[in-house]
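Here is the structure we will look at.
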Protein chains: 2
Amino acid sequence: MNDYFQSKASLQSKKDRTRAAIIDSAINIIAKKGFQKSSIQEMAKNAGIANGTFYNHYKDRKSIFEDVANLIAIELVKVIEENEVKTKKPAQKLINSTKQFIKRSVQVPEWGLIFLEAADFSVRLEKDISKFLIKDIKSGIRDKSFLVKYDDFLVEQIMIIVLHSISHQLENGINKQITDKTINAILRILNYKK
Amino acid sequence: MNDYFQSKASLQSKKDRTRAAIIDSAINIIAKKGFQKSSIQEMAKNAGIANGTFYNHYKDRKSIFEDVANLIAIELVKVIEENEVKTKKPAQKLINSTKQFIKRSVQVPEWGLIFLEAADFSVRLEKDISKFLIKDIKSGIRDKSFLVKYDDFLVEQIMIIVLHSISHQLENGINKQITDKTINAILRILNYKK
DNA sequence: ATAATAATTGAGACTACTCTCATTTTTATA
DNA sequence: TATAAAAATGAGAGTAGTCTCAATTATTAT
């Protein structure tokens, strides 16, 4: 089993450590089986705790899913923010952020898989991630790099193109050409003129 | 509950009629809850048969899902074939088929929902539907309507744009503008020159 | 070291299924 | 109508899960 949060130095109290063990266990199992098929029984066993202990940390089944999905989303957003490029060209910014996001999602497959899983369930989560897209798309339209009218549906389309790229690479292996083709499709949809 | 196959005149034998009742019941329940959460118990009850009767018709849980998914796919493919336009312009053919497919998938929401559900699970099913796309895309590239290189990933991208359109309209109501925006995005991805 | 507090434990009550099979009922056939 | 064949029944064995709680163990503060 891989560790994600358990290894963090900040975990002092017993409670924190147990919680981190549950989360790491959950990430591994959810990535393998999806939310629907992941059981508390298995998570507890995998985390090395008793079944009942789980309920000191989470109210119920749903809570752990929400927590895990949020943690992954936060980590992925962090990656995008940390790697924002300095250029003022919105198209370049969009390309960079998208590449970073795809790269990180497939580099740690568990994160990518859970993000895809969660994107299906929670609209909010997808919104968190698409924020960074929207900003660049809007300023690209403003400065006439993208010759389209802004539209929420357009953002959704671009978002699913990105999710599809992640899904494809998680299934068939990391492939930069696929990421490039993804960027191409996005720029075409946005009617990008250099 | 809506009837889909039960009402067909061709159902003579008791066995056929019971089977159709199971399928109709399954369609209604799967459309509401998805494959994962649909139980045989509920399907049997909903179909007005005893639990054990189900197993005279289907080996197990998985079999009914496969059967339902295939039936829906067959119906949807039929719709596309019946509505093929006579024109020789591949772009026009592609636009027409795509519109028809989206239209029918959202017109009978149960079909659309199950198709989306099944597309997630079964690669084969998505292939069945994308066949009609591939034909038109290839001939469009051949006659230089689409200025791109053919590529399986490209077809996948177009397919998910279509699925997303269906999913959006099933959630927010039928909307022709959304279908138009979908067609636009597809033509842009294909680098369509009139 | 002791008491108080926090965390963990695992048995078990409860629910919700899947699938089997001996029996009964219905339908088709002679 | 009597018989054979087909179909349907539903009780129940088996499995897998969620969540609770009284008892136990570990941790922290005095």
Side-chain angles (χ1 to χ4, degrees), chain A residues 1 3 5-69 114 117 121, chain B residues 1 3 5-69 114 117 121:
Chain A
M1 192 182 98
D3 286 3
F5 295 92
Q6 227 170 338
S7 47
K8 293 207 174 170
S10 57
L11 308 170
Q12 319 141 10
S13 73
K14 177 95 184 158
K15 189 160 192 171
D16 285 352
R17 271 176 282 129
T18 303
R19 216 182 102 102
I22 293 173
I23 290 170
D24 280 353
S25 166
I27 290 175
N28 280 284
I29 290 168
I30 295 168
K32 214 175 289 163
K33 306 192 165 186
F35 286 125
Q36 204 58 245
K37 288 187 178 174
S38 298
S39 74
I40 290 166
Q41 265 185 167
E42 193 178 355
M43 286 180 210
K45 192 179 172 184
N46 202 233
I49 58 164
N51 201 292
T53 304
F54 174 89
Y55 293 91
N56 293 335
H57 298 268
Y58 292 98
K59 194 175 108 274
D60 55 19
R61 210 168 169 276
K62 225 182 113 197
S63 309
I64 179 76
F65 295 155
E66 283 170 8
D67 201 21
V68 165
I114 291 175
E117 188 72 20
F121 277 68
Chain B
M1 193 182 97
D3 285 2
F5 295 92
Q6 226 169 339
S7 47
K8 293 206 173 170
S10 59
L11 307 170
Q12 319 140 11
S13 71
K14 177 94 183 159
K15 188 159 193 174
D16 285 352
R17 270 176 283 129
T18 304
R19 216 182 103 103
I22 293 172
I23 291 169
D24 280 353
S25 166
I27 289 174
N28 281 285
I29 291 168
I30 295 169
K32 215 175 289 161
K33 306 193 165 183
F35 285 126
Q36 205 57 246
K37 287 187 178 173
S38 298
S39 73
I40 289 167
Q41 264 185 170
E42 193 178 356
M43 286 180 211
K45 192 179 172 183
N46 203 234
I49 59 163
N51 201 291
T53 305
F54 174 89
Y55 293 91
N56 293 336
H57 298 268
Y58 292 98
K59 196 175 105 271
D60 56 19
R61 211 168 167 278
K62 226 181 111 196
S63 310
I64 180 76
F65 295 156
E66 284 170 6
D67 201 21
V68 166
I114 291 175
E117 187 73 19
F121 277 68

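Because only heavy atoms are used, hydrogens play no part in the values below, and waters and symmetry mates are left out as well, while side chains stay in. Below, read A as the first sequence line, B as the second, and so on, with proteins coming before strands; counting in each chain starts at 1.
For B:Ser38 (side chain) and B:Lys33 (main-chain N/O), no donor-acceptor pair under 3.5 Å exists by modelled atom type.
Between B:Lys59 and A:Lys15, the residue anchored closer to the 5' end of DNA chain C is A:Lys15, taking for each the nucleotide with the nearest heavy atom. If B:Asn51 and A:Asn56 are placed on DNA chain D by their nearest nucleotide, the residue sitting closer to the 5' end is B:Asn51.
Of the N and O atoms on the side chains of A:Ser63 and A:Asp60, at least one donor lies less than 3.5 Å from an acceptor on the other residue.
In this structure, the OH atom of A:Tyr55 is 14 Å from the C1' atom of C:dG12, given to the nearest Å. Rounded to whole angstrom, the span from the NZ atom of B:Lys14 across to the P atom of C:dT27 amounts to 5 Å. The CD1 atom of A:Ile29 sits 14 Å away from the C1' atom of D:dG17 (whole-angstrom rounding). In this entry the distance linking CZ of A:Phe54 with P of D:dG17 reads 14 Å, nearest Å. Rounded to a whole Å, the CG atom of B:Asp60 is 9 Å from the C1' atom of C:dC19. Distance B:Tyr58 OH to D:dA8 C1': 16 Å, rounded to the nearest Å.
Taking 4.0 angstrom as the limit, B:Thr18 places none of its side-chain polar atoms (N or O) nearer than this to OP1 or OP2 of D:dA7. Between A:Thr53 and C:dT9 there is a side-chain N or O to OP1 or OP2 distance below 4.0 Å. The phosphate of C:dA7 (OP1 or OP2) has no side-chain N or O of A:His57 nearer than 4.0 angstrom.
Between atom CD1 of residue A:Ile64 and atom CD of residue A:Glu66 there is a gap of 10.5 Å, rounded to the nearest 0.5 Å. Here A:Met1 contributes atom CE and A:Lys32 contributes atom NZ; the two are 9.5 Å apart, rounded to the nearest 0.5 Å. In this structure, A:Met43 CE and A:Ile23 CD1 are separated by 11.0 Å, a value rounded to the nearest 0.5 Å.
Ring planes of A:Phe35 and A:Phe121: perpendicular class, angle over 60° (limits at 30 and 60°).
Inter-residue side-chain proximity for B:Ile22 and B:Phe5 is flagged as unmet; no heavy-atom pair is nearer than 4.5 Å.
For the segment residues 35-49 of chain B, the set of residues with a heavy atom within less than 4.0 Å of an atom of DNA chain D comprises B:Ile49, in numerical order.
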